[in-house]
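This report concerns only the one structure given below.
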Number of protein chains: 2
Amino acid sequence: MTENPTPPRRGRPPAFDRDEALTAATRLFWERGYEATSVADLTAAMGIRPGSLYAAFGDKKSLFEEVVRHYGRTPVGAFAGAALREEASAYAAFARILREAAAIYPDPSHPAGCLVISAATNVSPQDIEVQAHLRDLRNSNLRLFEARLRTARQDGELPPDADPHALAGYFATVVQGMSQQARDGATAADLARTTELALRAWP
Amino acid sequence: MTENPTPPRRGRPPAFDRDEALTAATRLFWERGYEATSVADLTAAMGIRPGSLYAAFGDKKSLFEEVVRHYGRTPVGAFAGAALREEASAYAAFARILREAAAIYPDPSHPAGCLVISAATNVSPQDIEVQAHLRDLRNSNLRLFEARLRTARQDGELPPDADPHALAGYFATVVQGMSQQARDGATAADLARTTELALRAWP
DNA sequence: TTCTTTCTTGAGTGACTACTCAAGAAATGA
DNA sequence: TCATTTCTTGAGTAGTCACTCAAGAAAGAA
């Protein structure tokens, strides 16, 4: 059990940093979406040739799946989960989710909005699985929202007549709308005002 | 001034109904988006050959622009403008906009959501103008929202400290989020609940 | 009927798509 | 040193993309 966790690699070492390449691919997919980003665009941005890309990542679809996982580990992709985990009250969690979305989605240091929300909106039938994959991620997020609100009602934070399913749908709607607004040019100030209005719906 | 409004057309008459063809094209663009819909898909759905399509509509981009205008004259594309024009109070207008969006966006008789919101989300650089065109339409709608709310404040329907710009951004966010939710499978009942929660933000 | 006009048809265009592969280069192990 | 392994390179594949065009067909006008 004294196995080396990183045994010395045989053969020629890769000439590119896998994480840097993934970051470059993420930016492109985030900006343009899955189908509108060509493998030629990707190889140019990642600084590698097609053969290296296919050897390292499989095919375009596999690369995109890895990009989505990579995105989910960045602050932009993980803030909602972190808020649900770290905040003591449901209100604090959802207020934080909306406020952070308002600050992060229009941040000019990366493409606007959320990759999971916008990267596979327009796909041809051959890539329908990619669209379904992101939709599943969004809907599982919706269920996380609902579970947290259900707990809040059990704990008495929400009144007994509050509707966790409806509230979850409402907050998901606002978050997704804010992502779209950010892509349309809304500023952090704009989205901050939207957030405060949206929070008025809290029971 | 007794000119015939529709002078007899010379030459071979078109073998297809222009409006029916446009409706078929609208459905496809609405479902899949601009780039993910190929000219081959369009000719198949419209029941015509490429030559006829190009003769009748110009190129793909021109066809899409005509589709967007056509969409804007359908109930799904015109309900917001109608509500703003027909309702006496701003609250009635925005309540009607959200309630109609909740009923229309998931209606199974047509593709889910709003074409203007979702048909040009993912485009490659060569089609950036198409994306900009729809974004302009969305942003001009946002300004219509804001103008109506500004009037409401002047009329005393809204308190002096209400923020028309912020409210317009909020309602645009909710509408766009509802379109996305409908595409993700939300039902009319789901969106109706979202609507009633969203309206709680009204000052 | 014949001319003119307009539309349809089918076969095509070059450019781009995702993807592949043989050959060579650069590392380790023996 | 030499074999083995892994990665890179550049030239390539078949298929699809938006789009075109000459030839023929179908209408009105003369």
Side-chain angles (χ1 to χ4, degrees), chain A residues 4 6-22 24-25 28-29 32-67 119-120 122-131, chain B residues 4 6-22 24-25 28-29 32-67 119-120 122-131:
Chain A
N4 195 334
T6 50
R9 307 275 300 280
R10 295 283 304 262
R12 179 176 178 171
F16 64 95
D17 184 288
R18 204 174 195 280
D19 232 63
E20 280 177 24
L22 216 44
L28 267 184
F29 279 130
R32 302 181 190 172
Y34 178 70
E35 278 191 352
T37 303
S38 72
V39 172
D41 294 333
L42 290 165
T43 54
M46 298 161 89
I48 60 178
R49 257 46 58 195
S52 300
L53 188 151
Y54 282 90
F57 298 102
D59 59 3
K60 188 188 176 186
K61 200 168 291 188
S62 303
L63 169 60
F64 182 72
E65 285 166 9
E66 192 159 343
V67 157
N122 308 131
V123 299
S124 45
Q126 65 189 10
D127 290 320
I128 214 85
E129 313 152 44
V130 174
Q131 188 174 51
Chain B
N4 195 334
T6 49
R9 307 276 300 280
R10 297 279 305 260
R12 179 175 178 171
F16 64 96
D17 183 286
R18 204 172 196 282
D19 232 61
E20 280 178 22
L22 217 44
L28 265 185
F29 279 131
R32 302 180 189 172
Y34 178 70
E35 279 192 351
T37 304
S38 72
V39 172
D41 293 333
L42 290 164
T43 54
M46 298 161 89
I48 60 178
R49 256 46 57 197
S52 301
L53 186 150
Y54 282 89
F57 299 102
D59 58 4
K60 188 187 174 184
K61 199 168 291 187
S62 304
L63 169 59
F64 183 72
E65 285 165 10
E66 190 158 346
V67 157
N122 308 132
V123 298
S124 44
Q126 66 189 10
D127 290 321
I128 213 85
E129 313 152 44
V130 175
Q131 188 175 50

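Numbered from 1 within each chain, the chains take letters A, B, ... in sequence-line order.
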Rounded to whole Å, the CZ-C1' distance (A/Phe57 to C/dT20) equals 18 Å
Taken to the nearest whole Å, NZ/A/Lys60 to C1'/C/dT20 is 17 Å
All heavy atoms of B/Ala120 vs all of B/Val123, minimum pair found to be O-CG1, 4.1 Å
- prompt: Which is true for A/Thr37 with a 4.0 Å heavy-atom rule: it touches a base, it touches only sugar-phosphate, or it touches nothing?
  reply: sugar-phosphate
Separation of C/dC19 atom P from A/Asp127 atom CG, nearest Å, is 9 Å
When every non-hydrogen atom of A/Ala21 is compared with those of A/Phe16, the smallest separation belongs to CB-CD1, 3.8 Å
Under 4.0 angstrom between A/Ser52 side-chain N/O and D/dC7 OP1 or OP2
no
Report task. Test the B/Lys60-B/Tyr34 pair against the cation-pi criterion, namely NZ or CZ under 6.0 angstrom from the six-membered ring centroid and within 45° of the ring axis. Result -> yes
Taken to the nearest whole Å, CD/A/Glu129 to P/C/dA18 is 16 Å
Checklist entry - Think B/Tyr54 has a side-chain N or O under 4.0 angstrom from the OP1 or OP2 of D/dC19? => result yes
In terms of heavy-atom contacts, A/Leu53 and A/Thr43 come closest through CD1-CG2, 3.9 Å
Sort me out a list of protein N/O and nucleotides 4-6 of chain C N/O pairs below 3.5 Å, or just none if empty.
unit_1	atom_1	unit_2	atom_2	d
C/dT6	O2	B/Arg12	N	3.3

Testing D/dT8, D/dC19, C/dT17 for proximity to the side chain of A/Ser38, the answer is C/dT17
Atom NZ of A/Lys61 and atom C1' of C/dT17 are separated, to the nearest Å, by 14 Å
Correct closest heavy-atom pair for A/Ala119 and A/Phe29 would be CB-O, 3.8 Å
Of all heavy-atom pairs linking B/Ala36 and A/Ser124, the shortest is CB-N, 3.4 Å
Sorted by number, residues from residues 42-51 of chain A placing a heavy atom under 4.0 Å from DNA chain C are A/Pro50, A/Gly51
Here the distance between atom C1' of D/dC7 and atom CG of A/Asp17, to the nearest Å, is 15 Å
Rounded to whole Å, CG of B/Leu53 lies from C1' of D/dC17 at a distance of 14 Å
Separation of D/dC21 atom P from B/Asp59 atom CG, nearest Å, is 14 Å
Looking only at heavy atoms, the pair that brings A/Val67 and A/Ala25 closest together is CG2-CB, 3.9 Å
Assert: residue with more 5' nearest nucleotide on DNA chain D, out of A/Ala55 and B/Gly58, is A/Ala55
Residue pairs meeting salt bridge (charged side-chain N to carboxylate O under 4.0 Å, His left out), one or both in residues 32-58 of chain B, sequence neighbours left out, come to B/Arg32-B/Asp41
inquiry  = Taking the side chain as everything from C-beta on, heavy atoms only, tell me whether A/Leu22 gets closer than 4.5 Å to A/Leu63.
reply    = yes
